J.: 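Right, I'll just put the structure down here and ask away after.
Values below: all heavy atoms of this structure, side chains included; hydrogens, waters and symmetry mates excluded. Letters A, B, ... mirror the listed sequences (proteins, then strands); counts begin at 1. If you're wondering where the values come from, they're calculated on a predicted model, not measured in any experiment.
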There are 2 protein chains.
Amino acid sequence: MRNTDSIIRRAEKLCASRGTRLTKKRKYVLTGLLESDKALSAYELIDVCKEKYDEDIPAMSVYRILEFLQSEYLVHKLNTASKYASCANIDDDKVGCYSQFLICRSCSKVKEVGLKPSMMAELQATVQDASFKLVNPQLEMNCLCEDCV
Amino acid sequence: MRNTDSIIRRAEKLCASRGTRLTKKRKYVLTGLLESDKALSAYELIDVCKEKYDEDIPAMSVYRILEFLQSEYLVHKLNTASKYASCANIDDDKVGCYSQFLICRSCSKVKEVGLKPSMMAELQATVQDASFKLVNPQLEMNCLCEDCV
DNA sequence: AATTTGGATGTTATAATGTAACATCAGCTC
DNA sequence: GAGCTGATGTTACATTATAACATCCAAATT
């Protein structure tokens with residue numbers, strides 16, 4: 001059971017402990033993502049903030065806020081979709097573990113699944129065999145959700 | 001040893017056998033990708049075709065050509081990078097097998113590696129457990145190559 | 001050879017995503 | 001209150017991509 005308020009409070013504490021601030025607008029953006037089961041684009045978040053909080057946030061600010069939230073491990077960027085989703089694990093302590101994202105190509109619904117260490121190890125191995133270095137082990141899978149099949 | 005000419009000839013035969021044509025401009029675009037170890041954007045391909053073949057191809061056409069080459073399984077789109085790469089296996093018979101792409105985030109160098117069936121099966125399983133349906137099992141890994149580390 | 005016809009390409013306009021550079025504001029410390 | 005720092009605003013623009021419509025070209029048919 002993800003309760004937005006309690007997650008936000010937790011996020012505030014996380015930020016405080018790192019010497020950063022979860023400002024009002026940052027809260028709006030994060031809440032927008034928390035209350036959506038779909039990944040949202042920066043511009044969709046502008047609309048959400050306008051509609052739900054009557055708050056005008058310029059695109060540039062939304063991008064900066066998203067960057068901040070990513071640096072605090074509160075939000076993921078889904079590169080294949082150019083959209084953003086809140087981390088599934090803000091409310092527990094698995095912060096920072098590697099994830100597999102199932103993304104509906106039709107409606108952007110997202111599910112985040114933890115990756116088995118054995119899987120990660122195997123993917124890592126191929127990377128190292130090829131003399132590459134893995135920067136971000138996030139897996140994004142191009143899917144269709146139940147409703148969109 | 002990837003010999004561009006022989007791959008192009010092979011690609012022509014593939015197209016012919018499917019009732020499509022590998023036209024001059026399609027050949028230029030494919031050759032551009034074949035002769036690059038880096039993924040290229042549509043607009044970079046425009047420049048390559050201009051410089052190497054003195055051929056002006058408008059952006060719209062390049063996008064259409066890339067779409068065609070993808071439909072013929074000759075080219076991949078790397079969604080995380082918004083760039084394109086020729087398939088590693090045009091020159092053998094492993095066409096269409098699932099791939100893991102190692103992409104250098106700094107210089108766009110790409111290596112394509114076949115995915116072990118056991119890995120694929122496991123990823124598939126998580127997808128199905130979540131009631132999603134996998135559309136395209138291409139894995140893109142955000143890396144740094146040897147030169148860019 | 002002329003005609004037809006469908007696929008390939010060209011043109012123009014525009015949408016969507018994202019960033020650079022610089023200005024301003026708000027809250028904290030002294 | 002003055003000054004500092006981080007957050008936000010503003011403007012302009014770059015990059016990636018597609019829609020809609022026009023034209024061209026090459027192979028098939030007459």
J.: Please determine if a side-chain N or O atom of A:K25 lies less than 4.0 Å away from the OP1 or OP2 oxygen of D:dG9.
T.: yes
J.: Hydrophobic cluster membership, with links at side-chain heavy-atom distances under 4.5 Å among I/L/V/M/F/W/Y: are A:I103 and B:V135 in one?
T.: no
J.: Please report the distance, rounded to the nearest Å, between CG in A:D56 and C1' in D:dG9.
T.: 12 Å
J.: Could you state the interatomic distance from CD (A:E140) to CG (B:N136), rounded to the nearest 0.5 Å?
T.: 12.0 Å
J.: Does the side chain of B:M119 come within less than 4.5 Å of B:Y98's, by heavy atoms?
T.: no
J.: Using a strict threshold of under 4.0 Å (side-chain N to carboxylate O), is an ion pair present between B:K27 and B:E12?
T.: yes
J.: Atom CG of A:L66 to atom P of D:dA7: distance rounded to whole Å?
T.: 15 Å
J.: Got a salt bridge between A:K38 and A:E44, using NZ or NE/NH1/NH2 to carboxylate O under 4.0 Å?
T.: no
J.: How would you summarise protein contacts on nucleotides 16-27 of chain C per nucleotide, using B for base, S for sugar-phosphate only and - for none, with heavy-atom distances below 4.0 Å?
T.: -BBBBB------
J.: When you measure from the side-chain N and O atoms of B:S61 to the phosphate of C:dG10, is any distance below 4.0 Å, counting only OP1 and OP2?
T.: yes
J.: Would you mind reading off the distance between A:I46 atom CD1 and D:dT8 atom P, rounded to a whole angstrom?
T.: 14 Å
J.: To the nearest Å, how far apart are B:L78 CG and D:dT16 P?
T.: 13 Å
J.: Tell me: CG of B:L40 to P of D:dA17, nearest whole Å?
T.: 13 Å
J.: Taking CD1 from B:I65 and C1' from C:dT9, how many angstroms apart are they, rounded to a whole number?
T.: 8 Å
J.: Report the distance from atom CD of B:E67 to atom P of D:dT18, rounded to the nearest whole Å.
T.: 7 Å
J.: Please work out whether the ring planes of A:Y43 and A:Y63 are parallel, tilted or perpendicular, with thresholds of 30° and 60°.
T.: perpendicular
J.: When the distance from NZ of B:K24 to C1' of C:dG7 is rounded to whole Å, what number comes out?
T.: 17 Å
